[in-house]
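Here is the structure we will look at, set down as structure tokens.
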Amino acid sequence: MRMSELQLPEGVVPHLAETQDAVAQMLADQVAECLRLHLAENPEATLVVSGGSTPLPFFRALREKPLEWARVKVALADERWVPVSDPASNAALVQSELLQGAAADARLVLFHYANKGALDALPELEAAAAELPLPIDVLVLGMGNDGHTASLFPDAPELARAMDLSVEQRVMVMTPPSQAHQRVTLTLPVLTQARFTALHLKGQDKIATLARAIEAPADWSAMPIRAFLQAGLHVYWSP
Ligand SMILES: O=C(O)[C@H](O)[C@@H](O)[C@H](O)[C@H](O)COP(=O)(O)O
């Protein structure tokens with residue numbers, strides 16, 4: 001299935017290309033432009049990115065964009081609660097693939113694994129998240145084939161609270177049985193405030209998942225990505 005066959009919700013903007021490198025460049029150009037425009041009027045800008053495998057070419061393209069990176073705060077939408085030495089660490093991925101080259105001057109704000117359980121580290125994580133200027137200027141999300149985004153997993157017992165738009169907490173510990181690691185995620189009220197939100201997808205399977213999400217847009221808990229399928233979302237996809 002291709003994204004061109006999807007009936008996207010009103011106001012959701014598709015960006016397609018035949019290769020993941022071409023989509024990565026398109027997304028990197030758009031993100032760099034958003035950050036530049038914000039920095040022209042403000043002292044700093046906030047970029048929130050996701051982990052996983054899809055963002056790699058995007059990180060490598062974005063880090064080469066000429067920006068005042070020292071004025072950009074980079075944060076993770078979520079993290080697997082593992083040491084940075086663990087291959088599953090999103091912080092390590094962002095450090096090694098994005099905060100290089102021109103982007104080496106940017107500051108990674110979240111999440112720093114403390115040598116203790118995520119729940120014990122929550123006060124520190126919440127304090128770090130309080131440093132994050134809101135609204136987020138640029139948010140780049142991925143999506144799993146269960147409809148999760150960030151670490152808002154359908155099977156996480158904490159999901160209802162993490163997706164409660166009235167919750168004060170900015171960061172929440174998630175324990176989805178489907179995942180190998182405890183997770184830490186920014187909560188929905190933080191994520192849905194972004195000025196520019198991109199959903200970065202690769203492959204036919206993700207389009208089939210997006211089609212399922214579009215079928216019943218109101219049922220957020222079954223597929224948390226549904227909370228983002230509204231006007232203004234930019235979907236970047238390659239086969
Ligand atoms: O920590 C993570 O894994 C991400 O934040 C997660 O939400 C990711 O975006 C999706 O699982 C898609 O991952 P892929 O890009 O590997 O398909």
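Note that these values count all heavy atoms, side chains included, but never hydrogens, waters or copies made by symmetry. Atoms within a ligand are numbered from 1 in the order they appear, just like the ligands themselves.
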Donor-acceptor contact present, side-chain [X] to main-chain [Y], <3.5 Å:
X	Y	result
Glu126	Arg170	yes
Asp155	Pro176	no
Arg71	Asn42	yes
Ser89	Asp86	no
Gln230	Ala227	yes
Thr149	Gly142	yes
Lys202	Gln20	no
Asn90	Asp78	yes

Checklist entry - Are Val48 and Leu37 connected in the hydrophobic side-chain network, where two residues link if heavy atoms are under 4.5 Å apart? => result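 Not linked; separate clusters.
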
Checklist entry - Hey, what's the ring geometry for Tyr236 with His15, parallel, tilted or perpendicular (30° and 60° as the breaks)? => result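 Parallel: the ring planes of Tyr236 and His15 meet at under 30°.
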
What protein heavy atom sits nearest [atom], and how far off is it?
atom	value
atom 8 (C) of ligand 1	Gly51 O, 3.9 Å
atom 9 (O) of ligand 1	Gly142 CA, 3.3 Å
atom 10 (C) of ligand 1	His148 NE2, 3.4 Å
atom 3 (O) of ligand 1	Arg80 NH2, 2.7 Å
atom 13 (O) of ligand 1	Gly52 CA, 4.0 Å
atom 17 (O) of ligand 1	Lys206 NZ, 2.6 Å
atom 12 (C) of ligand 1	Met143 O, 3.5 Å

[X] versus ligand 1: do any nitrogen or oxygen atoms come within less than 3.5 Å of each other?
X	answer
Thr54	yes
Ala150	yes
Ser151	no

Next on the checklist: Is Lys202 close enough to touch ligand 1? Criterion: a residue heavy atom under 4.0 Å from a ligand atom.
Outcome noted: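 Checking ligand 1 against Lys202, which is what was asked, there is no heavy-atom contact under 4.0 Å.
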
Find all atoms of ligand 1 within a distance of less than 4.0 Å from any non-hydrogen atom belonging to [X], and give their numbers and elements.
X	result
Asn90	1 (O), 2 (C)
Ser50	5 (O), 9 (O)
Asp78	1 (O), 2 (C), 4 (C), 5 (O)

Checklist entry - Which one holds for Glu79 and ligand 1: side chain close, backbone close, both close, or neither close, with close meaning a heavy atom under 4.0 Å? => result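 Glu79 to ligand 1: no contact under 4.0 Å from either part.
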
